[in-house]
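Note that ligands are numbered from 1 as they come in the structure, with each ligand's atoms numbered from 1 the same way.
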Amino acid sequence: MRTFFAPGRVNIIGDHIDYNGGMVMPAAISLGITATLTPRTDRRIYLTSDMDGAHPIVLDLDLPIHFDPARNWGNYPAGVIKLLLDANIPIEGADIHYTSTLPQGSGLSSSASIEVLTGFALMTVAGYQVNRIALALLCQKAENEFVGVQCGIMDQFAVAMGKKDQAILLNCSNLEYEYLPFHIGSYKLIILDTRKERKLAASAYNTRKKECEAALRQLKLQHPNLKNLCQASFQDIEEAIDHPILAARARHAVWENQYVYEAKDALEDGDLESLGECLDASHFSLSNDYEVSCDELDIIVDAARTVPDCIGARMTGAGFGGCAIALVHNSIIEQFKEYVATIYTDRTGLSPQFYVCDIADGVHEIV
Ligand code: ADP
Ligand code: MG
């Protein structure tokens with residue numbers, strides 16, 4: 001039996017700009033999914049998860065694998081397995097059991113975690129040298145084409161390529177990346193899970209993408225060389241876009257991309273106050289100009305920001321529920337949780353979850 005681990009991820013800053021030519025700054029986290037893999041000799045894969053007590057999901061490696069709604073969560077690993085077979089990677093039968101410390105559907109990328117974990121484990125056991133970026137791309141393709149979720153590359157990239165105590169500065173359009181030491185001294189990165197289901201996220205994501213395309217079309221009438229929204233200036237936007245909502249969407253792209261670079265500089269200078277200001281400003285833009293926050297995220301972020309030793313907070317990920325992050329001094333974490341939970345529950349009736357988050361390595365075998 002062999003054991004593998006894949007982390008979840010947070011996006012520290014840079015949301016909803018990956019499809020506008022902007023930069024993102026994700027990091028892998030210490031919460032994640034563990035898989036134990038026991039080889040089988042009958043060319044079958046049996047998948048079980050401790051989040052689902054039902055019968056194992058069985059795949060026959062010599063039969064075609066199609067999406068099957070009845071397979072439920074098993075479609076995430078099944079999609080990866082299908083693409084590994086399509087790529088002629090010589091995987092063999094196995095019992096794979098998943099256990100998890102990562103909340104599902106909260107925007108911490110449990111889907112990318114289970115995908116990358118499955119691919120990495122099966123390839124490693126087959127004696128195959130894993131190219132982590134190729135694996136991330138394969139898993140994104142599985143989620144896009146097999147499961148049918150139009151995610152970008154950030155999640156799978158962070159899960160596959162994460163490094164302990166390093167954030168990743170990633171250009172999603174060409175996969176250029178660099179590691180940024182995430183040294184935050186006596187502060188901690190806290191994940192605040194609103195426990196609000198991300199129901200509208202998928203449809204809103206598509207609407208925002210269309211709005212951005214429309215904004216870019218208007219800009220291009222006056223600036224034909226402009227490649228994407230993040231390259232525009234505020235003046236271009238004011239002059240070229242007549243619709244206030246489209247102008248606001250474009251402004252978000254420009255601001256957010258700027259905040260990513262400011263956050264990079266702040267991290268490199270060890271200027272945590274400025275890093276916190278970037279997080280705050282990013283939340284403001286996502287909530288007001290881009291309108292992908294929700295009451296629950298705004299309430300939890302506002303509550304966090306009233307704590308003096310919290311120096312920045314923002315929603316993270318696609319929005320409409322899910323998680324926020326905050327930078328909080330390590331001497332007040334318990335009081336912080338209690339205070340934020342009281343206000344949040346009082347105003348929403350929901351019980352939040354908090355995770356003190358360490359930035360961790362990407363997918364690996366546990367030996
Ligand atoms: P997120 O990636 O933000 O957590 P998604 O909706 O993209 O949210 O993916 C969540 C889905 O991933 C779950 O509904 C489930 O199908 C699958 N999943 C995540 N973790 C596990 C696990 N430990 N075992 C089985 N399936 C899992
Ligand atoms: Mg996901």
Side-chain angles (χ1 to χ4, degrees), residues 3-11 15-16 18 24 26-29 31-37 45-59 67-81 95-121 136 139-160 162 172 191-206 292 294 297 315-325 353 355 357 363:
T3 306
F4 298 85
F5 177 83
R9 66 101 189 90
V10 288
N11 190 24
D15 273 314
H16 285 280
D18 54 338
V24 297
I29 58 178
L31 303 170
I33 308 179
T34 301
T36 53
L37 188 152
I45 294 189
Y46 282 63
L47 303 167
T48 48
S49 168
D50 67 350
M51 62 147 244
D52 174 21
H55 295 301
I57 288 154
V58 185
L59 302 168
F67 178 84
D68 174 3
R71 202 188 280 132
N72 208 329
W73 64 270
N75 283 304
Y76 290 92
V80 173
I81 291 165
D95 289 331
I96 304 180
H97 182 68
Y98 303 99
T99 53
S100 178
T101 53
L102 192 59
Q104 292 169 38
S106 287
L108 301 179
S109 279
S110 66
S111 60
S113 181
I114 197 168
E115 290 156 10
V116 171
L117 177 62
T118 305
F120 186 87
C139 291
Q140 182 206 10
K141 190 170 180 217
E143 186 153 341
N144 290 167
E145 293 176 8
F146 192 90
V147 183
V149 177
Q150 291 314 309
C151 56
I153 186 63
M154 172 170 80
D155 297 355
Q156 290 81 4
F157 194 97
V159 170
C172 293
I191 296 171
L192 306 90
D193 186 351
T194 61
R195 312 284 292 201
K196 161 86 165 62
E197 263 184 77
R198 288 160 53 227
K199 274 209 186 108
L200 290 170
S203 65
Y205 183 86
N206 292 335
V292 290
C294 59
L297 282 166
M315 56 162 275
T316 179
F320 291 99
C323 292
I325 54 172
Q353 283 282 327
Y355 304 94
C357 164
V363 65

For [X], the ligand 1 atoms whose distance to one of its heavy atoms is below 4.0 Å:
X: I33; answer: 20 (N), 23 (N)
X: L108; answer: 3 (O)
X: R198; answer: 3 (O), 8 (O)
X: M51; answer: 21 (C), 22 (C), 24 (N), 25 (C), 26 (N), 27 (C)

[atom]: the protein heavy-atom neighbour that sits closest, reported with distance to 0.1 Å:
atom: atom 23 (N) of ligand 1; result: S100 CB, 3.4 Å
atom: atom 9 (O) of ligand 1; result: S111 CB, 3.3 Å
atom: atom 26 (N) of ligand 1; result: W73 CB, 3.4 Å
atom: atom 10 (C) of ligand 1; result: S110 OG, 3.4 Å
atom: atom 13 (C) of ligand 1; result: Q104 OE1, 3.5 Å
atom: atom 3 (O) of ligand 1; result: G107 N, 2.9 Å
atom: atom 24 (N) of ligand 1; result: S49 OG, 2.8 Å

Original post:
What do we get for N75 next to ligand 1 when only non-hydrogen atoms under 4.0 Å count, side chain, backbone, both or neither?
Top reply: neither
Might you point out which heavy atoms bring [X] and [Y] nearest each other, and give the distance in Å?
X: Q140; Y: C151; answer: NE2-O, 3.2 Å
X: L108; Y: P103; answer: CD1-CG, 3.8 Å
X: I153; Y: A136; answer: CD1-O, 3.7 Å
X: R198; Y: A318; answer: NH2-CB, 4.3 Å
X: V147; Y: N75; answer: CG2-O, 3.8 Å

**OP:** Work out how many protein N, O or S atoms lie closer to the Mg ion (ligand 2) than 2.8 Å.
**Re:** 1
Original post:
Short N/O distance, under 3.5 Å, between G105 and ligand 1?
Top reply: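 Yes; at least one N/O pair falls below 3.5 Å.
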**OP:** With sequence neighbours excluded, tell me which residues meet side chain to side chain contact (heavy atoms under 4.5 Å, CB included) with T99.
**Re:**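 T34, D50, H97.
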Subject >> Distance-only donor-acceptor check, side chains Y76 and S110, under 3.5 Å >> reply: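 Side chains of Y76 and S110: no pair found under 3.5 Å.
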**OP:** Say whether, by atom type as modelled, one donor and one acceptor occur between the side chain of N11 and the main chain of G317 under 3.5 angstrom.
**Re:**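 Absent.
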Original post:
Are any side-chain N or O atoms of S113 and backbone N or O atoms of A6, one a donor and one an acceptor, separated by less than 3.5 Å?
Top reply: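 Yes, because the side chain of S113 sits within donor-acceptor range (under 3.5 Å) of the backbone of A6.
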Original post:
Which of parallel (below 30°), tilted (30 to 60°) and perpendicular (above 60°) describes H16 and Y205?
Top reply: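 Judged by the thresholds at 30° and 60°, the geometry between H16 and Y205 is tilted.
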**OP:** Tell me, please, which residues at least two apart from F5 pass ring pair (Phe, Tyr, Trp, His ring centres under 6.0 Å).
**Re:** H364
Original post:
What residues form a side chain to side chain donor-acceptor pair (under 3.5 Å) with T316, not counting sequence neighbours?
Top reply: none
